Amino acid sequence: MTVTNDLTWPEEYSELLPLVTSSWKISGEIYFHRQLSAGKSGALVFIVDITSGAFEGQAILKLDNCPDSQWNEETEVQLHREAFEAAPEFASKHLARIVGSVEHEGKIAILSTVVARGLEYSVPWNACGYELALNVLQRLARSLFEDWNADYRIAPGMHAPQDLLSRWLGYRLDPEEGRLHQFLSKSCNHDPLEPCFSYEGHWYPNPLAFAQNRDLPSRLNIRAAEGRLHGDLHGHNVLVRAHQQSEPDYYLIDLAMYQDKQFLFYDHAYFELAYLLARRGNCLPAQWDAILDELGLFHPKHHTLGLWQDDVGIAEFVRTLRTEAMNWVERHESHRLSFMESQYLLARVAAGLNFANKSIEHNLRSHAFLYAAHNLKDYFTLNNVDWPKNGPVFDVDTPAAPKSNPRADPEVSLPSTEPPPQKDRLRRRIMTQLPAPQKPVIAVLPFESLNSQSGVDTFVSGINQELITELAKVDWLAVVSPTSTKFLTQSVLTGEEIAQRAGAHYLVEGSVLYDDERVRINAHLVDTSSGHDLWADRLVRDVEDVFSLQQEIASAVVGHIDWELRFDMREQARLKRGEVSVWDRVQKALWHLYKFTSEDTETAADILSRTINLTPDYSLAHAVMVNTLLRKLVFLQVDDRKGAKERALYHAERAVALDDQSSFAHASLARIYSVLKKHDAATAEAELAVKLNPSSANAQLVLGIVRLANDQPRLALQSIEAATRFGTAGPYYKVKLLAKALCLYILEDEMDLAEACARAAMEGRSVEPFGHYILAAILARKSREGEARRITEQGNAIRPRMTKARMRLAFENLKTVDLDKFVGDLGTAGLPD
């Protein structure tokens with residue numbers, strides 16, 4: 001038998017070649033197609049094409065050394081077979097199959113099938129784009145419970161937390177066999193059994209000391225869910241079927257760590273931490289602490305660095321994974337909610353200790369250990385554990401121990417994610433001079449039902465769920481998970497105490513009165529720092545379709561909340577003195593921008609320029625700068641219009657590149673595209689802005705404006721009316737009325753309503769003098785030339801230099817036919833050439 005292709009059978013495994021040929025009954029040649037990334041312990045992995053007695057076609061050939069004398073290859077093969085036999089329907093869709101294996105003198109060869117019809121048709125999960133990766137993550141997290149563990153069971157008896165940790169971690173907790181004790185004592189200068197340590201000025205429990213402690217109260221014992229685990233689930237061991245339009249398939253590979261009758265949730269925790277380390281394993285310790293704070297259930301957010309670039313997207317992936325797990329709990333073990341959440345937290349503690357035990361870089365081990373400590377602290381809060389709260393500082397900057405072979409753990413052999421030197425200097429500057437922004441956190445308390453009849457609680461619960469779902473779409477807010485809120489509201493705590501425990505800056509609370517014909521909602525938005533209501537309103541609706549009604553109510557409430565919170569933050573930023581954050585600076589710029597005076601617009605531009613110089617990678621600053629430049633263009637306050645457009649386009653594209661999930665950034669890009677007459681691109685960006693934050697009055701208004709410019713006035717009118725519903729107050733309310741008037745004027749529908757909207761808009765400074773000119777055009781179209789001329793004269797008094805030519809510049813994004821009509825009617829109304 002011969003081996004062909006440029007790749008040849010590796011010399012170090014030459015003694016296995018005749019055994020493989022004989023055992024697998026290979027006829028002809030082995031074609032080596034290509035070599036894949038190396039596996040664990042230096043394994044060599046190839047795609048080959050063979051013809052054998054048991055299999056014909058492309059397959060995966062793995063050549064490796066046996067880990068120790070007690071291990072034999074039958075162990076891994078048997079684990080694969082057990083995984084297939086345990087859940088054959090799941091396995092047939094999602095697992096690779098072992099074709100054969102050979103072991104000889106401590107060396108092994110394994111042949112397995114190729115998933116997804118060939119590796120050319122699949123990519124590792126880590127390599128997927130955002131939407132595909134999120135889709136697969138949701139399906140994977142759900143399917144591991146619902147499909148692979150459809151026959152899960154509750155393990156007999158009560159289990160102490162140490163029982164779960166020891167089952168998950170095994171030898172790793174042993175001072176002699178594991179590496180955790182040495183890592184803490186030698187690499188971190190920390191006593192492995194010291195119960196507590198401090199980090200970033202706050203206390204954390206030592207998870208290793210907790211795992212060794214057998215004197216904990218029996219009340220911590222739980223009933224635990226038991227099933228099967230992959231055991232080594234990370235983004236390289238999940239392959240995703242590419243090149244398909246339907247729901248993407250995924251495939252699990254490398255089942256060498258498969259376990260049956262093991263405590264559940266560990267796969268989810270392992271995948272989560274592997275993902276975090278792969279994306280942020282080399283970040284600064286303070287940034288890692290900020291990410292863990294953002295993901296924490298209970299302890300307040302105390303970091304000063306804040307989230308960096310796409311940290312928000314990373315946190316969203318983790319929350320998706322956790323949400324799917326807790327949704328499974330709600331469906332199957334809702335009466336053991338506290339037990340299951342404790343088990344999930346302990347699984348994350350175990351995953352952190354597992355990675356801290358690995359022979360990987362010191363910073364990765366430190367990050368993993370801190371991850372375990374953060375989650376253990378949440379476990380303590382959930383279970384009211386009394387634990388020592390003082391100890392030595394955890395040392396994460398100690399020089400690392402000698403590095404091991406980087407191929408030993410491929411899932412954490414990571415590309416560097418550190419910023420280049422100039423960004424590193426910038427980050428240090430931010431940390432010392434300008435604290436970076438955090439998302440405001442909001443929590444929704446269960447609404448009170450004022451009814452006594454049965455069935456209403458379900459309706460009220462539906463409103464709560466819709467509110468949380470709609471608030472989660474507000475891209476600049478962070479929403480406390482409903483699982484955490486539910487737990488806290490079951491305890492004897494006030495709303496302010498719940499907010500403090502959940503780390504929420506704002507609370508939404510209210511009541512529902514419901515009968516067969518009408519429903520009345522009372523809703524309040526509370527500032528937790530003062531306890532004062534920022535907004536309160538009553539909504540009354542007729543009962544028709546219950547589910548549509550729930551969504552309509554939620555959208556209306558969230559639309560008001562979105563606007564009121566933005567207004568409150570601008571006011572807070574305006575009044576703040578001393579050290580201010582990037583967020584505060586941008587909010588202060590917005591406060592000035594919404595004053596609609598030339599002086600305030602210049603002040604806003606100055607604040608934004610200085611902010612961008614200090615923090616050039618902050619998306620919101622660039623997006624607001626776009627709006628500032630467009631304000632100057634519309635109000636004819638710049639001489640170099642081409643240069644202003646180029647700068648606006650740069651800032652808009654920069655804003656989207658820095659945060660492609662920001663509704664405000666995409667809306668800003670839509671506006672400048674419209675000015676540049678890229679109408680289809682503008683509409684696409686505005687539609688995406690609405691999709692990212694459907695409750696944003698700004699996004700809806702921008703969509704209306706760009707649709708109007710794209711010769712879609714009827715669709716524009718729908719968006720403008722939606723924007724008006726979501727924000728019935730504030731500086732842009734008059735702009736919405738004027739935009740509606742312009743839509744009706746272009747349509748020549750309901751001209752009386754167009755006139756009424758224009759007259760109402762003229763009451764605000766935000767539209768001066770354009771409200772006068774649009775009203776004048778409407779009156780001219782209605783053949784009321786005398787009135788039109790008087791209104792034009794009033795507009796000219798406000799803006800003496802206005803002419804038809806300058807009006808064309810201000811409204812340059814309109815279609816030519818609409819602009820000609822508008823300017824022609826203004827000529828009739830007396831506007832000079």
Side-chain angles (χ1 to χ4, degrees), residues 466 470 473-474 521 535 537-542 544-545 548-564 566-567 594 663-664 666-667 670-671 674 679 682-764 766-767 770-771 774-775 777-778 781 811 813-815 818 822:
E466 288 290 345
E470 291 299 313
K473 296 175 184 176
V474 179
I521 309 290
W535 166 80
D537 202 356
R538 176 183 297 135
L539 291 84
V540 180
R541 297 288 188 274
D542 292 333
E544 295 176 359
D545 180 349
S548 298
L549 179 62
Q550 290 171 339
Q551 186 175 27
E552 179 193 344
I553 290 170
S555 297
V557 171
V558 172
H560 286 293
I561 288 172
D562 188 28
W563 166 252
E564 292 294 338
R566 290 179 190 272
F567 177 80
Y594 290 157
S663 171
F664 194 79
H666 285 284
R671 290 193 63 196
S674 183
H679 295 300
T683 302
E685 288 294 329
E687 288 174 345
L688 180 55
V690 170
K691 181 180 178 181
L692 289 169
N693 186 357
S695 301
S696 169
N698 174 71
Q700 295 282 3
L701 177 61
V702 170
L703 180 56
I705 291 170
V706 301
R707 278 176 168 172
L708 181 61
N710 199 15
D711 199 22
Q712 298 175 315
R714 293 200 182 277
L715 289 176
L717 190 59
Q718 294 176 13
S719 299
I720 291 166
E721 288 176 339
T724 306
R725 288 196 306 272
F726 289 148
T728 56
Y732 265 83
Y733 180 65
K734 303 300 183 182
V735 177
K736 297 167 196 171
L737 289 177
L738 193 60
K740 183 175 181 178
L742 185 58
C743 274
L744 294 171
Y745 162 78
I746 289 174
L747 287 167
E748 294 195 45
D749 285 351
E750 301 183 75
M751 292 296 285
D752 289 343
L753 178 59
E755 179 183 345
C757 288
R759 287 189 183 279
M762 283 174 53
E763 297 171 2
S766 57
V767 298
F770 296 110
I774 289 175
L775 176 59
I778 292 169
R781 180 63 43 174
F811 287 83
N813 62 324
L814 287 179
K815 289 284 188 179
D818 294 330
F822 179 51

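Predicted, not measured: the structure shown is a model, and the values here were computed from it. Values below: every heavy atom of this structure, side chains too, minus hydrogens, waters and symmetry copies.
- Atom CZ in Arg671 sits 9.0 Å away from atom CG in Asn813 (nearest 0.5 Å).
- In this structure, Ala689 and His666 approach most closely via the heavy-atom pair CB-CB, 4.0 Å.
- Taken from CG in Leu708 to CG in Leu715, the straight-line distance is 11.0 Å, to the nearest 0.5 Å.
- Taking the side-chain contact (heavy atoms from CB on, under 4.5 Å) definition, one finds that Ala682 meets it with Tyr673, Ser674, Val706, sequence neighbours left out.
- Taking all atoms of both residues into account, the shortest heavy-atom contact from Ile720 to Gly704 is CG1-CA, 3.9 Å.
- Residue Ser663 holds its OG atom at 8.0 Å from CG of Leu688, rounded to the nearest 0.5 Å.
- Taking CD1 of Ile705 as the start and CG of Leu814 as the end, the distance is 10.5 Å to the nearest 0.5 Å.
- Shown here for Ala709 and His679, the closest heavy-atom pair between the two residues is O-CE1, 3.4 Å.
- Taking Glu687 as the reference, Arg707 meet the salt bridge (Lys or Arg N to Asp or Glu O under 4.0 Å) condition, with sequence neighbours excluded.
- Residues Met751 and Ile778 have side chains in contact (heavy-atom distance under 4.5 Å, counting atoms from C-beta outward).
- Separation of atoms CG (Leu742) and CG (Leu775) is listed at 12.5 Å; rounding is to 0.5 Å.
- The distance from atom NZ of Lys815 to atom CG of Asn710, rounded to the nearest 0.5 Å, is 5.5 Å.
- Residues meeting the side-chain hydrogen bond (donor to acceptor under 3.5 Å, both in side chains) test with Glu748, sequence neighbours left out: Lys821.
- In terms of heavy atoms, Ala758 sits closest to Ala741 at N-CB, 3.8 Å.
- Under the ring pair (Phe, Tyr, Trp, His ring centres under 6.0 Å) criterion, Tyr745 pairs with no residue, sequence neighbours left out.
- Applying the salt bridge (charged side-chain N to carboxylate O under 4.0 Å, His left out) test to pairs two or more places apart or on separate chains, those with a residue in residues 709-719 are Arg714-Asp749.
- Residues satisfying the side-chain contact (heavy atoms from CB on, under 4.5 Å) test with Val690, not counting sequence neighbours, are Ala699, Gln700, Leu703.
- Contact check for Ile774 versus Phe822: side-chain heavy atoms found under the 4.5 Å cut-off.
- Across all their heavy atoms, Ala723 and Leu701 have their closest contact at CB-N, 3.6 Å.
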